[in-house]
Amino acid sequence: MFNSESMLNKYHQKLKFSPSMNNNYQRWQGDLNTVSFDAENIRNQLINLDYPCYILNKEGQIGISNVGSLSYSANGKNKQLEMLLTVPAIGFHQLGDPSFLDFYGVKYAYMTGAMAQGIASEEMVIALGKANILSSFGAGGLSPHRVETAIDKIKQVLHNKSYAFNLLHSPSEPAIERHLIDLYLHHQIRIIEASAFLDLSDNIVYYRSVGLSLNSANQIQINNKIIAKISRREVATKFLQPAPTKILKQLVEQGLISELQANLAAKIPVADDITVEADSAGHTDNRPLICLLPSIIKLRDEIQHQYNYEKPVRIGVAGGISTPQSALAALMMGAAYIVTGSINQSCIEAGTSEYTKKLLAEAEMTDVMMAPAADMFEMGVKLQVLKKGTLFPLRAQKLWELYKNYNSIAEIPPDEIEKLEKQIFRKTISEIWQETSTYLSQHYPEKLSKAANNPKVKMALIFRWYLGLSSRWSNTGEKGREIDYQIWCGPAMGSFNNWVRGSYLADINNRQVVDIADQIMTGAAYLYRIQNLKIQGLQMPQEFSQYHPVFNLNKQPSL
């Protein structure tokens with residue numbers, strides 16, 4: 001219980017020297033029977049976020065009530081009770097930027113990010129959409145037909161609710177990016193999450209600009225919204241500024257956008273929201289959030305001062321968000337919204353295999369490492385994956401070393417080729433090339449032509465066969481290939497597992513993506529209340545400073 005005379009003395013000293021109180025004390029008026037003094041009921045009062053908390057002193061014993069009213073008195077006492085302090089009710093709309101909620105029509109400043117190859121599945125987007133939580137479908141790495149199937153399924157269920165589709169930057173394959181843009185425009189997908197961009201492409205500027213118009217009040221109407229995920233200031237700058245004049249002029253000349261749309265695009269930023277991506281799963285620069293977020297917020301403010309947009313770009317965060325503590329920390333640092341990623345992969349709705357979900361649920365924060373990425377292999381780009389229970393990161397690194405040291409498959413020593421074929425590929429180089437060339441001839445014949453004239457390109461394509469399939473094996477649960485599963489994962493997964501250990505969420509069969517969102521946001525609001533009380537001088541047992549997942553949260557408001 002809160003029962004410390006030294007704490008009371010310290011608190012009264014603060015009250016005494018607080019100029020805002022003008023030497024007056026607030027007095028609580030209410031029923032003594034509503035005041036809790038035992039630990040269990042104090043917990044229940046603290047977690048009752050829809051109501052204020054009144055902290056009261058009764059003969060040296062401190063209790064809490066959620067009901068009553070305040071008045072002013074010379075001594076702040078009401079017979080047996082002395083009013084010490086109060087904290088107001090807290091609504092979820094108070095966490096983050098309220099304009100994020102209004103702009104997307106959602107209940108939380110919280111969204112789930114796209115995890116490629118459908119890991120962020122239709123089921124995940126639909127479940128979150130029904131709960132009015134923004135979610136992004138993982139379109140990266142999927143065929144246009146597969147993406148279109150997802151669009152049809154999601155639109156049929158969610159109708160006018162908000163949801164996003166991912167646009168994964170493809171600098172070496174712009175046709176893929178353009179095909180997705182055409183698909184999104186055809187189906188009127190109004191929100192895209194743009195990720196892994198190194199620079200602005202014509203395609204994303206086209207998507208943004210072609211959706212611009214003037215409304216009846218002669219204001220710019222933005223129909224195609226962009227949430228850009230970045231981890232570098234130079235990339236953030238491009239999304240915070242208006243689209244380049246050169247690209248807009250080219251789009252007008254090509255007849256893709258009108259002069260009016262080009263003029264409107266020159267007055268607004270490319271993105272509505274910037275997600276600052278710290279140390280995360282998949283493509284990541286492993287940046288620390290506490291350094292990166294303030295830097296990008298400052299950059300936003302500088303660019304806002306320069307262009308004076310009617311609606312400033314919001315800055316959210318991703319990477320490492322997996323507990324109420326990390327969510328609250330990001331929001332208190334000024335994040336407009338938070339984005340979860342790794343933790344959603346172990347949920348029931350995720351498009352991953354049960355085997356993969358089990359590995360993720362057992363992961364610690366240190367069970368991750370960087371490995372070569374399939375989509376940008378030749379550039380040496382890496383992504384963060386799970387290392388526990390799989391040899392993929394070590395084997396992928398071996399492929400990169402061979403690619404870096406040799407100019408063709410023919411140059412690789414025979415003993416290394418034997419290891420590749422028997423241990424990693426489990427197929428001969430000839431068989432892999434046959435599969436690869438057949439696929440390329442049907443989808444990307446220009447790549448096949450390049451490989452015919454450049455043996456190093458051919459070697460890269462053969463190595464990418466393994467890098468590409470390994471993530472699919474993980475998602476589909478390919479039997480016999482478990483040791484080669486490529487599982488995108490950041491340290492947030494281990495942090496989440498530590499938080500839920502001993503609770504119902506430790507079991508992957510209980511991990512529902514909406515429930516996790518509710519738990520994290522409720523926990524963040526609760527911890528905000530606790531910190532508010534502490535800042536005002538209230539000291540309490542450490543057990544009240546933790547929020548643990550509660551089964552049936554929406555029906556049972558207790559810790």
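These figures come from a predicted structure and were not determined experimentally.
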Asks: side-chain contact (heavy atoms from CB on, under 4.5 Å), that's the test. Do F392 and S474 meet it? Break it down for me.
Replies: CA-CA 11 Å; F392 168 79; S474 169; over 6 Å; no

Asks: Does I226 reach the side chain of L167, with side-chain heavy atoms less than 4.5 Å apart?
Replies: no

Asks: What I'd like to find out is whether the side chain of Y206 reaches to under 4.5 Å of the side chain of I257, using heavy atoms alone.
Replies: yes

Asks: Start with the C-alpha gap between K388 and T366, add the side-chain angles, then the distance that decides, and say whether side chain to side chain donor-acceptor pair (under 3.5 Å) holds.
Replies: CA-CA 9 Å; K388 182 179 181 180; T366 53; over 6 Å; no

Asks: According to side chain to side chain donor-acceptor pair (under 3.5 Å), who are the partners of R314, at least two apart in sequence or on a separate chain?
Replies: S99, D273

Asks: Taking the side chain as everything from C-beta on, heavy atoms only, tell me whether S201 gets closer than 4.5 Å to I204.
Replies: yes

Asks: Does CD belonging to Q156 count more than 12 external heavy atoms closer than 6.0 Å?
Replies: no

Asks: Taking all heavy atoms of N510 and all of Y504, pick out the closest pair and write down the distance.
Replies: ND2-O, 2.9 Å

Asks: Step by step, work out the side-chain contact (heavy atoms from CB on, under 4.5 Å) result for S503 and H548.
Replies: CA-CA 8 Å; S503 76; H548 303 287; 5.9 Å; no

Asks: Partners of N308 by side chain to side chain donor-acceptor pair (under 3.5 Å), sequence neighbours excluded?
Replies: none

Asks: What residues form a side chain to side chain donor-acceptor pair (under 3.5 Å) with Y207, not counting sequence neighbours?
Replies: none

Asks: Which heavy atom in L46 sits nearest to a heavy atom in C53, and how many Å separate them?
Replies: CA-SG, 4.1 Å

Asks: Between R529 and N532, does any side-chain donor sit less than 3.5 Å from a side-chain acceptor?
Replies: no

Asks: If you take all heavy atoms of A109 and G96, which pair is closest and at what distance?
Replies: CB-CA, 4.0 Å

Asks: Look at the side chain of T522 and the backbone N and O of Q519, then say whether any donor-acceptor pair between them is shorter than 3.5 Å.
Replies: no

Asks: Around atom CG of N215, are there more than 12 heavy atoms of other residues, nucleotides or ligands at under 6.0 Å?
Replies: yes

Asks: What are the two closest non-hydrogen atoms of L331 and L95, and how far apart are they?
Replies: CD1-CB, 3.9 Å

Asks: Would you name the heavy atoms of M124 and I119 that are closest together and state the gap between them?
Replies: CE-O, 4.0 Å

Asks: Are more than 12 heavy atoms from other residues, nucleotides or ligands located less than 6.0 Å from atom OH of Y51?
Replies: no

Asks: Regarding S495 and T323, is there a side-chain donor-to-acceptor distance under 3.5 Å anywhere?
Replies: no

Asks: So, are K358 and E362 salt-bridged, with charged N and O less than 4.0 Å apart?
Replies: yes

Asks: Who pairs with K153 by side-chain contact (heavy atoms from CB on, under 4.5 Å), at least two apart in sequence or on another chain?
Replies: E122, E123, I126

Asks: In terms of relative ring orientation, are F165 and F137 parallel, tilted or perpendicular, with 30° and 60° separating the classes?
Replies: tilted

Asks: What's the spacing between I154 CD1 and H187 NE2 if we round to 0.5 Å?
Replies: 12.0 Å

Asks: Can you tell me how far apart CD1 (I530) and CD1 (I535) are? Round to the nearest 0.5 Å.
Replies: 11.5 Å

Asks: Looking only at the aromatic ring of each residue, does the gap between the centers of F92 and Y110 stay below 6.0 angstrom?
Replies: no

Asks: Pair T340, T112 - check side chain to side chain donor-acceptor pair (under 3.5 Å), show working.
Replies: CA-CA 5 Å; T340 57; T112 65; 5.6 Å; no

Asks: Just wondering, are more than 12 heavy atoms of other shown residues or ligands nearer than 6.0 Å to OH in Y528?
Replies: no

Asks: With a cut-off of 6.0 Å (strictly less than), are more than 12 heavy atoms of other residues, nucleotides or ligands near NZ of K311?
Replies: no

Asks: Measure from NZ or CZ of K225 to the centre of the six-membered ring of F103 and say whether it is under 6.0 Å with the direction within 45° of the ring axis.
Replies: yes

Asks: Check the pair L128 / L134 against side-chain contact (heavy atoms from CB on, under 4.5 Å), numbers first and verdict last.
Replies: CA-CA 7 Å; L128 288 158; L134 186 60; over 6 Å; no

Asks: Got a sec, which residues hit side-chain contact (heavy atoms from CB on, under 4.5 Å) with Q117, two or more places apart in sequence or on another chain?
Replies: L142, S471, R472, N475, W488

Asks: Would you say L185 has more than 12 foreign heavy atoms packed within less than 6.0 Å of its CG?
Replies: yes

Asks: Mind checking whether Y547 and Y526 have parallel, tilted or perpendicular rings, split at 30° and 60°?
Replies: tilted

Asks: Does the side chain of S231 pick up a donor-acceptor pair with the side chain of R287 at under 3.5 Å?
Replies: no

Asks: Can you name the nearest heavy-atom pair linking N44 to I47, along with the distance?
Replies: O-CG2, 3.3 Å

Asks: Please test F100 against Y108 for ring-ring contact (aromatic ring centres under 6.0 Å, His included), starting from the C-alpha separation and ending with a verdict.
Replies: CA-CA 8 Å; F100 181 88; Y108 293 148; over 10 Å; no

Asks: For A114, what residues pass the side-chain contact (heavy atoms from CB on, under 4.5 Å) criterion, not counting sequence neighbours?
Replies: S136, N166, E193

Asks: Are side-chain heavy atoms of V87 and P52 found at a separation under 4.5 Å?
Replies: no

Asks: Do the side-chain N and O atoms of N223 and R190 include a donor-acceptor pair separated by under 3.5 angstrom?
Replies: no

Asks: Between D202 and K246 (salt bridge meaning N to carboxylate O under 4.0 Å), is one present in this structure?
Replies: no

